[in-house]
Amino acid sequence: MTTTTARLELTGMSCANCSATIEERVGELAGVSHVDANYATDEGSVEYDPDQVTLAEIFDAVEDAGYGVVTETVTVGITDMSCANCAETSAEALASTPGVVSADVNYATDEAQVTYNPADASIEDLYDAVESAGYTPVREDDDGEGGQSSSERRDAARDAETRRQRRLTLFGAAFSLPLLVMMADHLLGLGLLAGTVVGQYQGIVAFLLATPVQALLGRPFYENAYTALVKNRRANMDVLIALGSSTAYFYSVAALFGLIASTGLYFDTAAFILVFITLGNYLEARSKSQAGAAIQQLLEMEADTATVVHEDGSEAEIELSEVEVGDRLKVRPGEKIPTDGVVRDGNSAVDESMVTGESVPVEKEPGDEVVGSTVNQNGVLVVEATKVGEETAIQQIAERVRAAQSRQPDIQNVADRISAYFVPAVIANAVLWAVVWALTPDLLASFVGGLPIWGLAAGGPAAVGVTEFAVVVFASAVLIACPCALGLATPAATMVGTAIGARNGVLFKGGDILERVRDVDTVVFDKTGTLTEGEMELTDVEAVGPAADGGTLRTERERTAEFVLEVAASAESGSEHPLAEAIVEGARERGIDVEEPESFENVPGQGVRATTSHGDVLVGNRTLHSEAGVDVGPAEDRLDALEREGKTAMLVALRADGDDEYHLLGVLADADTVKGTAADAVSQLRERGTDVWLVTGDNERTARAVAEQVGIDPDNVKASVLPEDKADAVDDLQADGRRAMMVGDGVNDAPALAAAAVGCAIGSGTDVAIEAADVTLLRDDPADVLKAIRISEATLRKIKQNLFWALGYNTVMIPLASLGLLQPALAAGAMAASSVSVLANSLAFRRYVPDSDYRLLGFLQP
C-alpha cells in the first residue's frame, strides 16, 4: 500500500476536544492510517492511501465535524487543447497532483478551476501538472504581466490562438487552392491543364503543394497526437486527424514514387483535410471568444477614471486603480459611478440596469448605497468609496460568472464518458471496415451499389482498386467521428446561460446549479425581506375607547388620531426598534412635531413606557396595558381586525398630569408591506405546477395574512419557526422526495439555504445568506425566481439540442464513411462543421430573454 501524507491548516478549533473530534472523524475514513490535529498550532496531518480515499473526502470529513481546512481556488488558463479528451486529460493530471482537492477543466473556456491545499501544493505545481499532460498553462506571476489581470492574460492567450489559427488557415488555403483547381479539372473533364507543364507533372506539383500544408498545418496535430498516445496513453481528436491526413498523404507519396501500385493520388485530400480542420478550429476559437465575451463586456462597463474631491474642496481626476476606500468622488450627470460607495451629497437617479437588469432608474439621496459602473442620470452626486478593485460588485459578479462557467452540469458527465471511449471505438471501426472492404469488396459493392450516392468515395473499389479504396474508407471513417462537437455541446451552452443570468440579475454559482434549478418542484419563501419589503411602515392610526367619546380628556384635539400619533411618536422616539422607527417616521411624514421623551423604558416583548410633555405614556401590546390597569376592551375588535390583516397593532394610553390612572387613547399599526411583484410571482409558479410554501418566524396570524395576499395556500404556511429550525422545515419538505428551492435574505435563512436542493438569496440580503446560496438574485424581486427557473430550463434544452447535433453527425456520417460513401475531404469538412454548428447554436441562445416561458424548439431557438 502506497500512502501519502497531507498537511492541513485547520480553522475553527477552540480546545483540545476539537482536535480529538477531527482525529476521530477523519480516522473513521477507509484508507486513513494516521491523523494528527494540533490545537496549539491549528495544524494537522493525515496519512492516507490515495487509492482508497481522496483528499476531498478528508476535507469533507473535517467540515462535517464542524471545522474548516484552508484551501485556495484558482483559475488556470490552458492552451493547445483540441477536444474534450484533452480537457479530461488535463483534469486528471491536475487531480493527481499532491495537494489538489478538486480540478475541473472546461474545454469551451480553455480554463481549469482548481481547489488545492496551500500547505501541500503551489500554483507552480499546477502549471507543472498541465505541462506534464502536454498542454501549455497561461502562467501568471503575482505582480502581473504588463499590467494585465489574470483574466486579461487568459483572454490575450485565447486571442493569440485565434490569430494563429487564422494565419494557418490562410496559408493552407493559399496552397490548397491550386489543388482544388486541379481536382475540379480532373473530375469535370474541363481540360484546363491539358498541354501545360502542370498538367504533365500533376503528381509532382500536387506533392509540392501538399507537403508544406502537411508540414505546417499538420505539425500541431502530429505533436499532440504523439503526446496523447505516448505520454497520456489515450487517443484524442488529434490522433484521428493525424491518422486520416497522414494516411492520404503517405499513401499518395508511396504511389507517386512507385512504391505501391495505385490508380490515383490523394494529395489534395490530405491538404483539404488539414485546411478544413484548421478552418474549423479558427471558427471555433472565434466562437468560444464570443461566447465568453459577456464577462469582458461586463468589465468594460467600469469607468476609466474618477474625480476625487480633496478636503480643501479641490478636485483631481485619477485612474480608477488609484481610488482608495474613503475617497470622496464627484459624479456628474451622464458619468459612470467609479466604484461601490455611499452617497454623501446630492440627489439623482441612477441607471442600475447593467447590474440588476432593471431598466427604471433608481432615485438616490444621501445615505443611499450606489454600485460602481452604474450611470448617474441627472444630478451631481458626491460618493464615498466603500469598496474598490476586486471587492466591487461588478468585479464580484464577473468572478461569480467565471466560476459558474467552470463548473459543468452533471449532463456533461454523459458526454465525457462517451468521449472517453469514442475515439478508440472509432479507430477500431475504421480498421474493421478497411479490412472488410479489402477482403470482401465484391460482396459489399453489390450490397450498396444500388444507392444513388455510390461512387462519392473514389468511385468505389471497382474504379480505384481494393487496397486503395480500403485506405480511403479508413481515412474517412477516422475523420468523420471527431468528439469536438460533443465536448463543446454542454460548456458552450452553459457559458451563454450563465451570461444570460448575469445580464438579467441572476447569478448561478455553477453550471451544476444551473442544471439543478430546472428540477425544482417546490419553492419555499421566507417572508420578511423576501415577499415583503422588510421595512415596517405606519399604516393605521385610530382614536378608540373612552377618550374618543369624551371621557376624561378635555379638548376636541385630544380625541383625534393626530393626537394619538403625536403622543405615541414622542414616546417611541427614544427607541431604536423597527416598530418604533416606523411610528416616528410616519408621524414626521404627516407633519407632526416629535419631541424627545423626558424618560424612557423599554419593556422587552411588551412595548415602551415614557414620560413626555403630554404625561406618562404607554405604547405596546395588551399585556403592557393590562398590567398598568388599562381597560383594553373597547379596542379588542379593532386589534383583532388589524392583526388578521397581518399588521402589528399597538395600543396607546396616557396618564396626563393630575390624573391617577392611564386612559386608553387609541390604536396604531405597523406593517411590512408585501412587494408589488410577490403575488404575480407566486401565481406564475403555481401555474407551472410548482408547489409554493411560506416558512417564517412571524406569528401564525401575520404569516397567514401575507400568504393570503400573495396567493399561497394556507396549508402551505409554517409560522413561528425559529431560525435554527428553518433548515429542519426544509428537510421535512424534502423528505418525501421533493426538490425544494429556499428563497431568503437574512442571516437566519443561511442554514435553510444550505439545506435546500437549491438555495436562492435575494441580492439585497446579507453576505452570509448570499454565500450560503446557490443562486443570487441581484434585484430585490421575488419574480426573479421565475427568471432563474426559465434560464435553467432554456439552457438545458439548448444543451440537449447541441448534443443532438453533435451525435447526429456521427450517427449519420459514420455508417456512410464505413460503407465507402464519403470522401475523406468531405468527412473532414463535415467534422469541422459539426463543432461550428454547435457553437453557432449556442451563440444564437444569447438573444434569449427570460421574461416568459417559451415553447419553441429548433436550431436557432432557446
Side-chain angles (χ1 to χ4, degrees), residues 82-85 214 218 221-222 224-230 232-255 259-264 266 269-270 272-274 276-277 417-445 447-448 454 456-484 486 807 809-831 834:
S82 58
C83 64
N85 285 347
Q214 193 72 26
F221 299 109
Y222 291 124
N224 292 340
Y226 174 82
T227 299
L229 292 173
V230 178
N232 300 324
R233 298 185 178 180
R234 65 191 306 163
N236 63 5
M237 182 200 84
D238 298 301
V239 173
L240 297 181
I241 295 169
L243 279 173
S245 178
S246 61
T247 297
Y249 178 79
F250 288 110
Y251 178 89
S252 300
V253 170
L259 301 179
I260 60 173
S262 175
T263 60
Y266 296 93
T269 296
F272 292 158
I273 287 171
L274 293 176
F276 281 142
I277 299 299
R417 285 194 295 270
I418 294 174
S419 296
Y421 299 101
F422 195 66
V423 174
V426 165
I427 295 174
N429 174 75
V431 171
L432 171 65
W433 281 98
V435 172
V436 168
W437 273 109
L439 297 178
T440 58
D442 295 335
L443 176 64
L444 290 173
F447 175 70
V448 298
W454 175 253
L456 276 180
V464 300
V466 172
T467 302
E468 184 175 343
F469 191 73
V471 169
V472 171
V473 168
F474 174 80
S476 299
V478 296
L479 285 168
I480 195 59
C482 171
C484 287
L486 194 62
L807 294 172
Y809 275 92
N810 293 321
T811 302
V812 173
M813 295 296 185
I814 288 178
L816 292 179
S818 301
L819 292 173
L821 304 178
L822 198 65
Q823 281 276 10
L826 295 178
M831 187 272 284
S834 68

> Quick one: side chain to side chain contact (heavy atoms under 4.5 Å, CB included) partners of L229, sequence neighbours excluded?
Replying inline: A235, V239
>> Could you report the tightest heavy-atom contact between A270 and S245, atom names first, then the distance?
In response: O-OG, 3.5 Å
> Would you say the side chain of I241 lies within less than 4.5 Å of the side chain of L274, judging by non-hydrogen atoms?
Replying inline: yes
> Considering only heavy atoms from C-beta outward, does the side chain of F221 approach that of S246 to under 4.5 Å?
Replying inline: no
> Got a sec, which residues hit ring pair (Phe, Tyr, Trp, His ring centres under 6.0 Å) with Y249, two or more places apart in sequence or on another chain?
Replying inline: F267
> Just how far is it from atom CG of L243 to atom OH of Y222, taken to the nearest 0.5 Å?
Replying inline: 9.0 Å
>> Test of understanding: with side chain to side chain donor-acceptor pair (under 3.5 Å), list the residues that count as partners of S818, not counting sequence neighbours.
In response: N429
